[in-house]
Every structure is written in C-alpha cells, then in structure tokens.
Amino acid sequence: MKVGVPRALLYHRYGQFWEQYLTGLGAEVVVSRRTDKVLLQTGLGYVSSEVCLPIKIMAGHIEELAGQVDALFLPRLLWLEDKLYACPKMIGIVDIARMMLGDRVRIVAPKIQGSLWLPHFGAGMDLCHDPVRVVRALARAGKVLPVHNQVPDFPAGEKRVALIGHFYNLGDDFISRPMIDTFTSHGYRICTKDELPEMVLRSRQGFARSIRWVYERELYNAFRFLVDKVGGVCMIVSMGCGPDSLVAEFMREEAQQRDIPFLQLVIDEHTGTAGIVTRIEAFLELAERRRSRPKAA
Amino acid sequence: MKASFPNVGYDTYALKTFLEDLGAEVIPAPPNSRRTIELGSLHSPELICMPFKITLGNMLEALELGADTMFMAAGARKCRFGYYHYLQEQALKNLGKECRFIPVTQYSPLDFVFRIMPGVFGVPPWRVVRAVAKMLAKSQLTQEFRQHLNRKMAVDFDGAEQAKPKALAIIEQAHTLREIQAARGEVRRIFNLNGLQPQVRLGLVGEIYFMIEQFASQEIEKELGKMGAEVVFERSLYRHIRHLLSSDPAFVRSERLARRYLQESPGGEAIRTVGEAVHFQKQGLDGIVHIFPFTCMPENIALEALQKLSEDTGIPVLSLSFDEHTSRTGLLTRLEAFVDLVKRRKLGRSLHRN
C-alpha cells in the first residue's frame, strides 16, 4: 500500500516520525517533492486567495500526491497539552483536502487532541490491522521525535540574529532559503525556536499564559528568551496569518522598549527575493550600527 | 460610572438596556462612520482583521465623549477575536487615554453572573440574571425587527425606510419585559407587508460581527433589499447569547448539517456559517451571500465548504470579504450581478417569455 505524506505544515516537525512509523507498518511511504513554484501554482487553484502561504503550498502538495498514492496520511492537530489550539486553518486543511479530493483518495486523518500516541495508534490500526505490529512500529518511531533539552550556548562577540517564524515556514526551503542565506552570508548566526529546550517554549510566564495557540506561545516564548541575546529580531509572518498578526504586535512593542531592532517580513506567493534581501540588508546595517555604538550612550 | 462599549448594530440598544439595568450611566459610542474606522485603523496593527479596527475606533470616540469604563467581549478560543482586548487596552494606554477596561469572557456564563458583573457594579447575582433576561428579550426584539425590515425592504423599499425610524424609537423606549413584549407586536404592525411577496430570498451567512453590525458590511442587507431580494439570516446577538448559554437548538442543527463538509470546528463561527448555508439551501432559498472580514481564518475555511456546497447542489454562492478599503461601487456591482443571476435562475422561464 502506498501512503502519501505531504511535505508541508506539520511534516516539518513530525515528518521523520511519520515516515518511520508508516514504514514500520509495512506501507510504502511517498513524500511529495520539495516545494517549488509548480506546486505552489497548483495549490493556488484549490484554495481561496486569502489563506496564508503555507496552506496554499499544502494544497499543492496534496494535489500532487493524490494521483500517486492509495491513501493520504494527514493528521489533524486540534490541540496539544494545556488545551492549546492549533490555528483554524491547520484544523480546516484536512476538511479542505477531503472536499478537494472527494472519493479519489482515502484520507487517514488521526485527530491529535493532547497526545500524539492514541490517535496515531488508531490510524495505524486503520492501515495495518495488527495491533502488535502497530505498537512496535509506534514505539520505534517515537524514538526519532526530536527532543531538545539543552540550552544552546551564546558566546560573546558572535553576531546573532533571532529568526522568529513558524516551523513550517522556516523549515520549507522554498520560503525561507533566501532569508537564511542572506543572514548567513553576512556572518550572522541564526537562532530559531527549534533549537531551544521544551522548557523554554512551554513556559507560561507573563503574556504567554494568555496565548491559546500552541505554536504562537512557542514563538512568543522563544522571542522572550532570545531577545536579550541577539543583535536583532526578524519575524517572518505569512500574509493572512491571524495569530501572528496579533502576537507580533506584542513582540514589536517589547523589542522597541528594549531598543532591539525588529523586522517584520510579510510573505506571500508574490514576494520577490530581491525585496526581501534588500530589507534584511538594511536591517542588518541597523543592527551593526547599534553594535558599534558605545554602550554608555 | 460612565460606561461604554463598541457598537453592535441594532443590538447596541440591548446592551445599553443591560448596563443601565445594572445601574451604569451609558454613553453609547457615536454611530459608526468613516471617522470611526480611520481613527481605529490608525492605531491598529496593519494585518489585523476589520472588526478590531472598528471597535477600537468606537472606543476612542466614546472616550472623547467622556466615557470612563469600557466593556469589551473576550475569549473566543481559536479565533483572533478573543485577543482583541489585550491589544486594545494597550493601544488605549499608549495613547494616554485613561479608562477602566473590562474584558468580558464569553464562554463562562457562571463567571459572568457571579464574579465579573457583581464585581464591577456591586449588585447581587440575581440582578445580573434579571438584566440578562431583559437583554435577551430586547435582542430578540431587534432580531425580529431586522427580519421584518428586510422583508419590507424587498417589497416596498421607500415604505420600509419611512417605517424604520418609527420602529427604532419604539425599540429604544421599551425597557421592561412587558414593554418589550408589546413592542414586538407594534414592530410587526409597522412593517405590514400588505400581502406582497419578495421576488427572491437570499440567505446571509458569515462572521458574527459582520452579521450584526451593518456598517461593517456596508449595509449589505439594505442594498440587497433595494434590489428586491429579501435577506434571510439566522445569526444575531440574540442567538449568540443563547448559544453561550447552551440553549440554542439552531446551533445543534447547524453543527449536524455542517458535518458533511467540516468534521471539526476550525473555530470562530465557521461551523455555523456552513450549517446555516446548508439549512438555507434545504429550505429552498435562492442564493447564499457569505460575508466576512478580510483574512478571517475560520471563515476562509467555511468559504471552501460553501464553494463545495454550491458545486454539489447548484445554489449560487457569493463570498465577500471586507476591509476598510473595500470599494462601495465594486461591491454594488457584484451584488447587482449576483441578484440578477439569482433572479434569472428563479424566474428564467417567465423572463424569456416577456
């Protein structure tokens, strides 16, 4: 049996886990190719023009896979621990996929509510029917889930910049490569939330407590943690991202209070690389000047 | 205490009655205008949705009139709406506007009755319950008023325009439960149809703020009425409060009907939007108009479902997203074309004969 996994959204966090798990179940896993212009163009035809870029890309991946596989593995994240919700579009994309594909492809969509294990077990039983094998595959796959407990070290004198953005944006080379390249080519180290320990990301201190979106809380906590340790904060927001549009405002406010340069890059399918590079270069110039300015002033 | 709150269309009367009943002096925000939205947008994040801008504008204008306490709904889980008050409070503070800001959590009626309202007004909980009952009755009245008005506009636009201020005056003056009850009959009499029937009936679905506040949707009900289409709607503040009190059978029905398209609620009101659209389609309405703020997350998911509904059943669907830059002319052109299409579809044969 061929099971398709779209290389978008949650794949950028759970992809390895899913591949391992599905292979363990005896399925042939087909992961869609890396995002490119053609995929994006396909996606644009299936969803409304107002949704955010990652969702459009996701639609492209789904359509791409639909012709090649027997089933699509498309977990639906409703909420994670502490009743923290996923964003509406991430919840809705599974329904959109069902409406897009109709009866063409079977969709296996475990509902993740709090814990990963039970829904994944259910989905495994759907595909494989052998509980022993499912449990074994799940246990083995669970080992590849990334665990971060170590706080990365921040040596003095290093040029650093915090890149605040959702993992599905930063993890997708099509979206983030030009930005990351610009930063690194200017000798900056990029700090993202992915290298921070769980403890920091799950923190409920301060305003983070009021944020009820799981990935938004992570972003905010990462921002709070990194803001003192970097020369500037760059936030990548996809056009139409609801949670970001709110929380970014709090980050901007805080960055301003601490006098840290803050750049908000809004991206959509029309964003050109040249414009992004120019803005980042201007931003880095600002950070540079601030660095060389005497501390006492 | 000089209390104020953002406008919510005709239901502003209901909320005013509620606060007055609890002993507050109410300073209503001035009616929404170009200035409201400009003032609001000036101090809003650029990517935020439109209700934020209008409600912030309302607050600023009400504070100019001397209000000192601001009520704002809060708590909407997956939707951005629940976070408005954090940013708005901060925006007011940054502007140096002194006021007491009271976010009112929607999803906990007990909290509302026993903690928040008694805490603010120093009244016993039963007074709050009584005031809520009165508010419910009044918002039901405004809901009926809108239904009568929409029907009347579709058959006799000028007559409806003349009757509207009269009916609004009656609604404003109804304070006790008995008066409200009497007003219901009177409003019905004012909008007497004289046996006329509207040509086509359109179902209006969408995001709740847009369903309640006519200004946000550029008075879409009025424009459609002018074109001879009766606008049927189900969403109103009355139903929303009923839903919050877990006593709205229409919500259960919507949830059931929406399941064919959305298996999980993506938050906000998408489930209701889809459920109501399916319901309207089953009732044999001639078309669906779907309104929501630009970049609204849940409604964009609902939009896909409505497209699918249209594909499946053939019912015409027009989805419109609004922001402060939405051009009125463009909107009217689209509405005209849509109403034309719906009329032709319904009366097609007779049109050919003429």
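Convention: sequence-line order gives letters A, B, ...; per-chain numbering from 1.
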Look up atom OG1 in A:T271 and atom CZ in A:R279, then write down how far apart they are to the nearest 0.5 Å. 10.0 Å

Centroid separation under 6.0 Å, is that true for the rings of A:H120 and A:F17? yes

Looking at A:L39, A:L40, A:T42, which one forms a side chain to side chain contact (heavy atoms under 4.5 Å, CB included) with A:H61? A:L39

Chain B: which of A:G240, A:G242, A:C87, A:C52 shares the most heavy-atom pairs with it under 4.5 Å? A:G242

For A:I55, which atoms come within 4.5 Å of any heavy atom of chain B: side chain, backbone, both, or neither? neither

Can we call the ring centroids of A:Y220 and A:F250 under 6.0 Å apart? no

Heavy-atom distances under 4.5 Å only: say whether A:R98 touches chain B with side chain, backbone, both or neither. side chain

Gap between atom OG of A:S48 and atom CG of B:L303 - 0.5 Å precision: 5.0 Å

For chain B, the option from A:E253, A:R252, A:M239 that forms the most heavy-atom pairs under 4.5 Å: A:E253

Looking only at atom types and distance, does a side-chain atom of B:Q218 sit under 3.5 Å from a main-chain N or O of B:T326, one as donor and one as acceptor? yes

Which one of B:E207, B:E213, B:E269 satisfies the salt bridge (charged side-chain N to carboxylate O under 4.0 Å, His left out) criterion with B:R235? B:E269

Heavy-atom distances under 4.5 Å only: say whether B:Q307 touches chain A with side chain, backbone, both or neither. neither

Cut-off 4.5 Å, heavy atoms of chain B, and the answer for A:F207 is side chain

Verify, without hydrogens or angle tests, whether B:S327 (side chain) and B:G330 (backbone) share a donor-acceptor contact under 3.5 angstrom. yes

Does any backbone or side-chain atom of A:L246 lie under 4.5 Å from a heavy atom of chain B? Answer side chain, backbone, both or neither. both

Taking side chain as everything from C-beta outward and backbone as N, CA, C, O, which of these in A:A86 sits under 4.5 Å from a heavy atom of chain B? Side chain, backbone, both or neither. backbone

Assert top hit (heavy-atom pairs under 4.5 Å, partner chain A, pool B:L87, B:T295, B:I48) equals B:L87

Interface moiety of A:V94 toward chain B, non-hydrogen atoms closer than 4.5 Å: neither

Answer with side chain, backbone, both or neither: which region of B:S265 has an atom nearer than 4.5 Å to a non-hydrogen atom of chain A? backbone

Where does the angle between the aromatic ring planes of A:H166 and A:Y215 fall among parallel (under 30°), tilted (30 to 60°) and perpendicular (over 60°)? perpendicular

Honestly, the part of B:A305 sitting under 4.5 Å from a heavy atom of chain A is both

Which bit of A:K83 comes within less than 4.5 Å of chain B, counting heavy atoms only: side chain, backbone, both or neither? neither

Under 4.5 Å from any heavy atom of chain A - which part of B:N94: side chain

With a 4.5 angstrom heavy-atom cut-off, is it the side chain or the backbone of B:F52 that approaches chain A, or both, or neither? neither

Rounded to the nearest 0.5 Å, the CH2 atom of A:W213 sits from the CG atom of A:L84 at a distance of 11.5 Å

Picking from A:V47, A:I211, A:I93, A:V51, which has the most non-hydrogen pairs under 4.5 angstrom with chain B? A:V47

